[in-house]
Amino acid sequence: MIQTAVVGGYPKTLHNQILRKTLHLLDRNPRQKNRLESVLPDLTRAAVEEQLELGLDWVSDGGLRRQDEVTYFCGPLGGVRLDGLLRYFDTNVYFRQPVVAQRPKLRAPFLSRDYQEAWPFAGARLQLVVTGPLTLAALSRNESRLSFEQLAEAYAEALHAELLKLDPVVTRLVLLEPAFLQRPEKAALLQKLVRKLASLTHLEIILYVYFGNAAAVWKTLWDLEVAGVGFDFTYTPRGEKLLSRRWDKKKIFYAGLIDARNTKLETKAEIFPTLRRLGRHVAEGKLYVTPSANLEFLPLDRCRLKLSNMVRLVNQFNLENR
Amino acid sequence: MRQVSKILPTTSVGSFPKPPYLVKARADFAAGKISRAKLTVLEKKATRLWIEAQEKLDIDLLVDGEMYRGDMTTYFAENVRGCEISGLVRSYGNRYYKKPIVVGKLRRPQPITVGWWRFAQSLTNRPVLGMLTGPYTMMDWSFNEYYKNRRECALAWAELIAEEAHDLARAGAQYIQIDEPAVSARPEEMALAVEAMRRVTRGLKARTVTHICYGDFAKIYPAVLKMPVDRIDLEMSNSGFALLPYFRRWRFTKDIGYGVVDVHSHRVESKKAVKQRIELALKFLTPQQTWIDPDCGLKTRTVEEALAKLRVMMTAVKEVRRTLE
């Protein structure tokens, strides 16, 4: 049976844009930080419950605390400051670029809080979604004496220290490494970084890539010591052919078939043939259909429609192919 | 019409912050509490305020400040057929916008910006920029539920933006800006962006500008010099002037809009810092080709911050001009 999951955050405009309004107040008056902490737990609950109500099998905490997929992970680290705005890959979303002056070091863990707020509502179906160390290094401006490899390893150590502090009930980690598609020469480094994180044996790590063609790096992805991999099919047309070349049936596959950057709803004719072909290679219970990227690229109402349509299509496929 | 300065001419990129009374009025209009006519009165009042402010600061080429626009893509999408408007999508931090959804064949029923351009130009004898969003950006920053692919969608936008540009030129606009911030996102689509822009500027009787910002410009340089425009306006301060060395390797062959103040920072730069930025530019560019302006539109700043940034920009540029003269 095919299942469904997400690979990132949820639109932040829940509950009549209360988060947006609170952040606006905070910008004008930084002493209002308590107000932010008072709204976030309820919004996290809402994001989790919506994903579950829409029928998703594996959910995220919604990422409501995250300014973006880079700043949130780099900002709290010692040795790093945040600088000017930079475009996030080929999107029209921007992030504040981390500037590294010294080896980044975790000052105090912060991911546990996100997980603890979401866990009571999602339980065992909650996955933690984080940006990987190679991507953080690639998107940082390095003004330290560290090499690129050393910087990526420092980010990996910080993430490892974070994950050690997580409650052992966290069982699945989705590690986002979109920058690897632009830096395929860093394959050996990625393997080393993943090996470090995979030493946390209680965690199932799914390495997911997007905004680029996965064909060029498929051999590396397939070979990684992780529980699963996945990629964005909107940039990797006929991506299922990659699995016909090589695939480990023990692994989980996240198929990013649902375009998270367009409102147009996918149809049975578009999705089912791919699912049939994937089903020939991925073992029972190991295939997941996901959005191609973070859901924040969609407005809230369209995000709900997209997820609902995704679940409907997968349920229909499962029924027809029992 | 007053001529622009021959060395280090000055301008702005497009938007200014809306005064608090206009922000309230827009919210009231959206809630049905005031009429469109009442809103227009206040939009004109705010436009007048910004035209006067730019004149007082002695800026060469003015902008109308976009008091009547919400967002650079939504505004055009609201005024064409074939588009719906989505709910809010986040751009960065706590900034959101409503994204167009292309649901049918794109058509322009009537001129969109000409009336406002005429109004703004009637308030001053300095030239006022016609301000459009370019076809590649309209395509990239919209959802597409109608056209077969990105190219078809971009060229459809190009046809109607070309109509608008020619109407602006016929109305008397001497300078027309066609913003393309999305261009740096996909270097492999530069040829499409150039083709789409060519459809807009072909035969246009005006000086043309395109504005590109907040991307990895190095990836599209020098290919971007093929854009069929007279000036390329760039965000420089935010990116730490990292592009300048590229201009030594490949000469910048057009006029350049050189951003000397960061529009996404509350901090107002010092005169000394802005002068240093201009002097740095002149190591790589000529004073005749270099237009001094903010990095991008100023609408995310308060009115006071925007005026302070423009003031320091003008003070600095005048001092540098004196040393050159």
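On a predicted model such as this, the values are computed, not experimentally measured, just so you know. In what follows, chains are A, B, ... by sequence order, proteins preceding strands, each numbered from 1.
Contacts of B:S142 with chain A are absent, with no heavy-atom separation under 4.5 Å from either backbone or side chain. Neither the backbone nor the side chain of A:Y88 comes within less than 4.5 Å of any heavy atom of chain B. Only the side chain of A:D27 has a heavy atom closer than 4.5 Å to any heavy atom of chain B. In this structure, chain B has heavy atoms under 4.5 Å from both the backbone and the side chain of A:L298.
The shortest non-hydrogen separation linking A:R28 to B:H266 is NH1-CE1, 4.3 Å.
Looking only at side-chain heavy atoms (C-beta outward), A:P299 and B:V89 come within less than 4.5 Å of each other. With a 4.5 Å cut-off on side-chain heavy atoms, B:R90 and A:V93 do not count as touching. Looking at B:Y96 and A:R20, their side chains come closer than 4.5 Å, going by heavy atoms from C-beta outward. Looking only at side-chain heavy atoms (C-beta outward), B:I101 and A:R302 come within less than 4.5 Å of each other. With a 4.5 Å cut-off on side-chain heavy atoms, B:E189 and A:D90 do not count as touching.
Looking only at heavy-atom pairs under 4.5 Å with chain A, the residue among B:G93, B:P181, B:S265, B:P187 that has the most is B:P181.
The closest side-chain donor-acceptor pair between B:Y92 and A:N92, if any, does not fall under 3.5 angstrom.
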